[in-house]
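Note that these values count all heavy atoms, side chains included, but never hydrogens, waters or copies made by symmetry. Numbers restart at 1 for each chain; the letters A, B, ... are given by sequence-line order, proteins then strands.
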Amino acid sequence: MPELPEVETVVRQLRQKVLEKKVVNVEVFDPKVVDTRLQQLAPFKFKNITRRGKSIIASLDNDNYLIIQLRMTGHFYYVPKLPSSDTHNEHLAAVFHFTDKSILTHNSIRRFGKIQLATKKEVDEYVSKLGPEPLEMTSSEFISSLQKTPSAVIKSKLLEQDCIAGIGNIYAQEALYHAKILPSKKINQISESQLTKLHKELQSVLLKSIEHNGSTVSNYTHIAGKGEFQNFLAVYQKDKCPKSHKIRKVQIGGRSTYYCKDCQKS
DNA sequence: CAATCGTCCTGCGGGC
DNA sequence: TGCCCGCAGGACGATT
């Protein structure tokens, strides 16, 4: 569930906490989640931490990179000093130790996510497979990107990372609600003015969520705690829309999809 | 070629 | 009370 706003929140906090700090040791506890080669990497510093879609890209000062995917339940916790107790030991995947005895832990409940060691070339290759950033594209780019597959279902298309990067199940549904478009509509059944509206509403909902540190539903927390945007969701996992209409839940492309039949008529 | 399905993984909640 | 089943879902590979 960490989507663009949640990942952006984590990236901003990681930058604050660990940029330019010297890592003296990395322990890997879950080789399925974290590349074990990280254990041979220290000492190094985090030079820069950026986001691309739902992925975190960390560049290190030794020409290596980390590609980090949180997927459903990946978490980072920053602990200023090595705790005597076993804080954040649950589902522990890796621990980064800094010179000042502070630590950064990576925890993953469902173990879907990954921290991979990569070269510049591998990062470039990985990033080039992703579609454009929704907050950095114009509405005409957005429309032409969607219209490449006219018969595709709009909600499913919004989730495809090679079309537009960073949208997941929550924000696809929220944007469609605000744009008053039915999630089951095919792209060629949606007018250009409606797609323009969708682009605007998508950007708006993403920006608002970033302002509120993302949405915390089920498991997501950022480094400093929970997001607050779940309090502003219109349809996702709701019984009633903001206008008190009954929300319906269907499966689209095998994923739960919430929508309001009364508000989303287009 | 696009769309759908199965898979990974764990925790939780509903039902009996 | 306790157990089992199904659901949650991002991304990828396999299949239709």
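Rounded to an integer number of Å, the gap from CD of A:Q251 to C1' of B:dT4 is 13 Å. Between A:L92 atom CG and B:dT10 atom C1' the separation is 16 Å, expressed in whole Å. Following rounding to the nearest Å, A:R111 (CZ) and C:dA11 (C1') show an atom-to-atom distance of 17 Å. Distance CE (A:M72) to P (C:dC7): 15 Å, rounded to an integer number of Å. With rounding to whole Å, A:K114 atom NZ is found 13 Å from B:dC8 atom P. If you take CG of A:L130 and P of C:dG10, they are 15 Å apart, rounded to a whole angstrom. Between A:Q237 atom CD and B:dG13 atom C1' there is a gap of 13 Å when expressed in whole angstrom units. Protein atom CG of A:N169 is 9 Å distant from nucleotide atom P of C:dA8, rounded to whole Å.
Remark: the backbone N or O of A:G214 is not paired with any side-chain donor or acceptor of A:E228 at under 3.5 angstrom.
Between A:E211 and A:K208 there is no salt bridge, since no side-chain N of the basic residue sits under 4.0 Å from a carboxylate O of the acidic one. A salt bridge is defined here as a Lys NZ or Arg NE, NH1 or NH2 lying under 4.0 Å from an Asp or Glu carboxylate O, and A:K21 with A:D100 meets this definition. Taking 4.0 Å as the cut-off between side-chain N and carboxylate O, A:R52 and A:E133 count as a salt-bridged pair. A salt bridge is absent between A:K54 and A:E6; no separation between the charged side-chain nitrogens and carboxylate oxygens falls under 4.0 Å.
C:dA11 has no base stacking with the ring of A:F112 when judged by centroids under 5.5 angstrom apart and an interplanar angle below 30°.
One finds a side-chain N or O of A:K32 lying less than 4.0 angstrom from the OP1 or OP2 phosphate oxygen of B:dC9. Between A:Y236 and C:dG9 there is a side-chain polar atom (N or O) within less than 4.0 angstrom of OP1 or OP2. Residue A:K186 has no polar side-chain atom (N or O) positioned under 4.0 Å from OP1 or OP2 of B:dA2. For A:R71, no side-chain nitrogen or oxygen approaches OP1 or OP2 of C:dA11 to under 4.0 Å. Put simply, A:H91 has a side-chain N or O that comes within less than 4.0 Å of OP1 or OP2 on B:dG11.
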>> If you apply the rule salt bridge (charged side-chain N to carboxylate O under 4.0 Å, His left out), what do you find for A:R111 with A:D30, and how did you get there?
In response: CA-CA 9 Å; A:R111 309 171 70 206; A:D30 190 342; 2.7 Å; yes
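Judged by distance alone, with hydrogens and angles left aside, A:R255 brings a side-chain donor or acceptor within reach of the base of C:dG10, the pair sitting under 3.5 Å.
Using a 4.0 Å heavy-atom distance criterion, A:S108 is classed as making no nucleic acid contact.
Distance check, rounded to the nearest 0.5 Å: OG of A:S108 to NE2 of A:H75 gives 7.5 Å.
Classification of the A:F142-A:H199 ring pair by plane angle, with boundaries at 30° and 60°, yields tilted. Aromatic ring orientation, A:H212 versus A:F229: tilted (interplanar angle from 30° to 60°).
Residues from residues 144-165 of chain A lying near DNA chain B, meaning a heavy-atom separation below 4.0 Å, are A:S151, A:A152 in numerical order.
A donor atom on one side chain and an acceptor atom on the other are not found under 3.5 Å apart for A:Q251 and A:T257.
Between the two ends of the helix from B:dA2-C:dT16 to B:dC16-C:dG2, each summarised by a five-pair axis, the helix axis turns through 60° (rounded to 10 degrees).
Among C:dA8, C:dA11, B:dC9, the nucleotide with an atom closest to any side-chain atom of A:S256 is C:dA8.
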